Amino acid sequence: MTSTTSVREYYEKATRELSAPFAIVDMAAFRANAAGIAQRAAGTPVRVVSKSIRCRHLLREALARPGFAGVMAFTLPEALWLAGGDSGDPVSDDILVAYPTADTRALARLAADPRAAGRITLMVDDTAHLDMIEAAGPDPAHPVQVCIDVDTSWQPLGPRLRIGAHRSPVRTPAQAAALARAITARPGLRLDGIMAYEAQIAGVGDAPPDRPLYGRTLRWVQHRSRMELARRRAAVVRAVRGVADLRFVNGGGTGSVHTTRRERAVTEVAAGSGFYQPRLFDHYTGFSGRPAALFALPVVRRPGPGAATVLGGGYLASGAPDAGRLPQPYLPAGLSYSPAEGAGEVQTPLLGAAADTLAVGDLAWFRHAKAGELCERFSHLHLVEGPEPAEVTAVPTYRGEGRAFL
C-alpha cells in the first residue's frame, strides 16, 4: 500500500461487512510501531502503558513481542483485573499503577490477596498514601509493593516557572530518601521502585507543523530539561538506594524512549501511544510511526457542494482545549471541519473538495488525537491483517468487557 487511496481501499474491502461507526487496528502497522519502539529502546525493557491501549488482547500481543515486559496501569481496580483478580487469567504478573490511589475498597482487596500483592506495585508520593495503604491492613508476610513518583518538571527559575506536568511533590534526593525511609519503617509496605516520567519531553512533539521557530525553541527547552533531569534522576536513585534496594527505575514515554534509555540510572522505559500512533504523536524528530488505530463514520447527508455530513464524531481527547484535541479526518484526504460546528455529538459536517467524492452510505475515516481514549467509544476493535482479502477479527476493548475505570 503506497498511497492513501490504496490504504483506504484496503480498509474498506476488509470491513465491507461491518456497520459503521466502528474502530479498527491495522495489525501490520501496530507490529511495525512495536518494533520501532523496541529498536529505540535498544535492549532496555519497555513497560506497556495500558491506558493507551485499553484492550486486553492487544496488551497481550504487545507483551509477547521481544523487548516488552510488564504493564503500567492507570487505576488500582484496573490493575487488579489485569492481574487476574476476577478471571484468574492475568495479562501480566508485573503491573505498576502509574497514579496514586485513594480507592479504599480496592486497597482492601489488594491487601487481602497475596497473589495480587505480589503482582501489583502502587504509586506513592506522600505519607498520606502510605497511611491509606496501611489502613487497608496489609499482611507483613505479603507486603504491598510501592513505587516513589518523582517530579520531573524543569524549573529553571525555581517553582515560579514550571515546564512539565503537575505531578509529584517529591523532587529532590533528600525528599525521595525521606519518603523511602517512611516506607521502609512500615512492615506492611515494601519499596519496589522509582518512577520519573518526563511529560514535557515524552508527550510533546518537538516538530510542530508550520511553526519552525517554535519548534527550535521547544527542542532547546527539551534538551535543557533532559540534561537537568538526567543529573537529578541519578542523584535521586543514589539517595533512595542508600535506604533500600530497588527492583526498577522507570522513566520515559513514547516520545523519549530513545533518550531516556541512555541514562544509567534508568532500568526500564514505558510506552503506549506509539503502538496506535494517534495524531498527537505525528510531530517528533526522533521517530515516526504508522497510523494503526482508526475509526470509520458513515456519511448520512450531503447538504451541498463541498460538504458531507457523517454520523457522530465528537470524540474529543482530554487535555487543554484546542483544535489539536479533535480527531483528524484522515481518509479520504483533504477533508476538514466546519469552523462553526467542529466534531459533533450526533453529526459532523466535513468540508472540502474531497467531500464531493463521498455519497450517502460511504465511509469517512478518522484518527483520534490520543491513543486509548478511542476505546472508551467502542466496545470492540476490529483487527485487520494480512494481504487482500484481509482477515478481520473483533476483540473487546475494556468497555466491551464491561469495564470503565475512569
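Here the structure is a predicted model, which means the values were calculated and not measured. The first residue in the sequence is number 1, and the count goes up from there.
Side-chain N/O atoms of Gln200 and Ser153 include no donor and acceptor closer than 3.5 Å. Donor-acceptor pairing under 3.5 Å is lacking for the side chains of Asp151 and Ser168. Counted by atom type alone, Gln347 and Thr309 present zero donor-acceptor pairs between their side chains at under 3.5 Å. Of the N and O atoms on the side chains of Asn33 and Gln277, not one donor lies less than 3.5 Å from an acceptor on the other residue. Checking Lys370 against Ser273 by side-chain atom types alone, no donor-acceptor pair falls below 3.5 Å. No side-chain donor-acceptor contact under 3.5 Å links Glu268 and Thr44. If you check the side chains of Glu198 and Trp154, you find no donor sitting under 3.5 Å from an acceptor.
Of the listed residues (Ile183, Asp149, Val97), just one forms a side chain to side chain contact (heavy atoms under 4.5 Å, CB included) with Val124, and that residue is Ile183.
Residues Arg31 and Glu61 are paired through a salt bridge, judged by an N-O separation under 4.0 Å between the basic side chain and the carboxylate. A salt bridge links Arg8 with Glu12: at least one charged nitrogen is closer than 4.0 Å to a carboxylate oxygen. Asp282 and Arg367 are joined by a salt bridge, as a carboxylate oxygen and a charged side-chain nitrogen come within less than 4.0 angstrom of each other. Between Asp94 and Arg47 there is a salt bridge, since a side-chain N of the basic residue sits under 4.0 Å from a carboxylate O of the acidic one. A salt bridge links Glu228 with Arg232; the closest basic N to acidic carboxylate O contact falls under 4.0 Å. With respect to Asp89 and Arg60, a salt bridge is recorded, a charged nitrogen being found less than 4.0 Å from a carboxylate O.
Taking the centre and axis of the six-membered ring of Phe295, the NZ or CZ atom of Arg377 falls outside the cone set by 45° and 6.0 Å. Judged by the 6.0 Å distance and 45° axis criteria, Arg54 is not positioned over the aromatic ring of Phe405.
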Trace of the ring pair (Phe, Tyr, Trp, His ring centres under 6.0 Å) decision for Tyr330 with Phe366: CA-CA 5 Å; Tyr330 182 53; Phe366 296 77; 9.7 Å; no
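Sequence neighbours left out, the pairs with a member in residues 202-222 that pass side chain to side chain donor-acceptor pair (under 3.5 Å) are Asp206-Thr285.
Around the CG atom of Asp245, the shell of radius 6.0 Å holds no more than 12 heavy atoms that belong to other residues, nucleotides or ligands. Environment of CD in Gln39: sparse, with no more than 12 heavy atoms of neighbouring residues, nucleotides or ligands closer than 6.0 Å.
Using the six-membered ring where Trp is involved, Tyr398 and Trp81 have ring planes that are perpendicular, over 60° apart on the 30 and 60° scheme. Using a 30° and 60° split on the angle between ring planes, Tyr315 and Phe378 fall in the perpendicular class, above 60°. Relative ring orientation between Phe281 and Tyr284 is described as parallel, the plane-to-plane angle staying below 30° on a 0-90° scale split at 30° and 60°. Between Phe275 and Phe68, the ring planes lie tilted relative to each other; the angle falls in the 30° to 60° range.
Atom CD1 in Ile53 sits 12.5 Å away from atom CE in Met72 (nearest 0.5 Å).
The shortest distance between side-chain heavy atoms of Val360 and Arg301 does not fall below 4.5 Å.
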